[in-house]
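This report concerns only the one structure given below.
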Amino acid sequence: MRTLPTQMATRLSVSRTNDNESPLRLIPHHDDDNDDDTTNNHSQQKNKKKRNKSPTITDICPQTGVTLSRYMMELERWNPELSEVESIFTSIQVAAKAISNLVRKSTLQANTGYYKGSMNIQGEEQSKMDVIANDVLKNALNWAGHFKTIASEEEDEPISSSDPQGIFPEAIIDSGKSYIAVFDPLDGSANLDSGIPVGTIFGIFRHGTECQLDRQLCLEDVLQPGRNLVAAGYCLYSSATTLVMTLGDGTHGFTLDETIGEFVLTHPSIQIPQQGSIYSFNEGNRWEWDQPIQDYIMDIQTGMGKQQNKYKARYVGSMVADVHRTLMYGGIFGYPADRTSLNGKLRLLYEAAPMAFLLEQAGGRASTGTRPIMDVLPTDVHARVPVILGSPDDVKELESYYEAVIEKNNKELLNAGQLNTTDAKDMHYA
Ligand code: FBP
């Protein structure tokens, strides 16, 4: 037995006092811990979000460390209601390993480029690896057996398990299936053929009870705000393959140890720096951005922001890579609204909301510029949303630029009697 390296040891508490005691320490209970969790009703989920009990792990094998499988098993032991989520993560990590392998070999296996004439519903060409990664994830999730519905960037519509034409054969329909998976199987795939990092993003929701009655309701049930997420994560395929996840009790990072074929806990309880000094935006769109974004970026470039230091620019163009760096080093990432794309580019359900959940759980902030991304209700499976996320002080500073303009505009409209106070509070910047 050995103890964790210092970085980990400071983050994972050890509280075993005698041999009869569990090696796990429970985090303090929250007031809502005893709430009845049997209902799936969305409004109730929103108001009574239950936090899980975190495992604190002491007995660590020096050869394998804490694997994701072990972490999930320990978690389930203390949160028996998470048994399905544990098996869902088993299938997600199998898919992540397979996609990691396929990404590395895509050139050798001639899986580069696009399928001729293959477009997704958003009119984007599908690369071969987009389609392959989508199939790998669908198969893995099918095998987990807990999903009634999935929604993917690469599928035109959500797919139901009760649809014989869908991915899930009729034979495995099971009324016990109560989860929804949303994912972007290969985010940033346009970068793949030039060897730039790409990633998978996923989120897990619960179905509402109404869905038991009607297949159409199950499909509509996909349109939930990020606040309802049960779990979220991404897998970054880069110099290492890194899986970062949250179940609503901190954000934890696991690195694939290829020698043993396991994800190993390397970044427990990630905390994003309160403030960073890196900004990550596609500046090619600069002159189309909302004025508050233009002004903010200009200020942090010239040392005129709150910190009075000049920020560095870093932009990979793969969201998973840019967000991962932001999580590790702090700073701000954005794909904001602009004059031609009023909702930006990134998709709310399977890109922005899971990332927002991960960021918030790491002490960060995720905003549209005017409101938390986690509160935005998707109007469509592929709906887009402006995304600003990162260190809390950086994101708040950017939001203050929007607030100043909105306040000024609203004052003028209120004075002219063209706006009432309630509308003014919720008004989107325009
Ligand atoms: P896809 O969902 O089409 O893969 O696009 C998403 C994405 O590649 C993000 O990963 C990245 O942040 C963004 O687009 C980059 O867009 P741009 O090339 O316009 O900067």
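- Of the N and O atoms on the side chains of His146 and Ser178, not one donor lies less than 3.5 Å from an acceptor on the other residue.
- Side chains of His267 and Met328 form a contact here, defined as non-hydrogen atoms less than 4.5 Å apart.
- Salt-bridge check for Asp393 with Lys306: failed, with every basic side-chain N at 4.0 Å or more from each acidic carboxylate O.
- Evaluated for a side chain to side chain contact (heavy atoms under 4.5 Å, CB included) with Tyr234, the options Thr242, Asp187, Leu327, Thr200 yield exactly one hit, Leu327.
- A salt bridge does not link Arg70 with Glu262: none of the charged nitrogens is closer than 4.0 Å to a carboxylate oxygen.
- The aromatic ring centroids of Tyr401 and Tyr296 lie less than 6.0 Å from each other.
- When ring centroids are compared, Tyr179 and His207 stay outside the 6.0 Å threshold.
- The shortest side-chain heavy-atom distance between Asp184 and Ser152 does not fall under the 4.5 Å cut-off.
- At a cut-off of 3.5 Å, with distance as the only test, no side-chain donor of Ser391 or Gln274 sits close to an acceptor on the other residue.
- Comment: Arg365 does not engage Glu397 in a salt bridge, judged by the lack of any side-chain N to carboxylate O separation of less than 4.0 angstrom.
- Remark: Arg104 engages Glu258 in a salt bridge, criterion side-chain N to carboxylate O under 4.0 Å.
- Between Leu389 and Val323, the closest heavy-atom pair is CD1-CG2, 4.0 Å.
- Taking NE2 from His252 and CG from Leu358, the interatomic distance works out to 10.5 Å, rounded to the nearest 0.5 Å.
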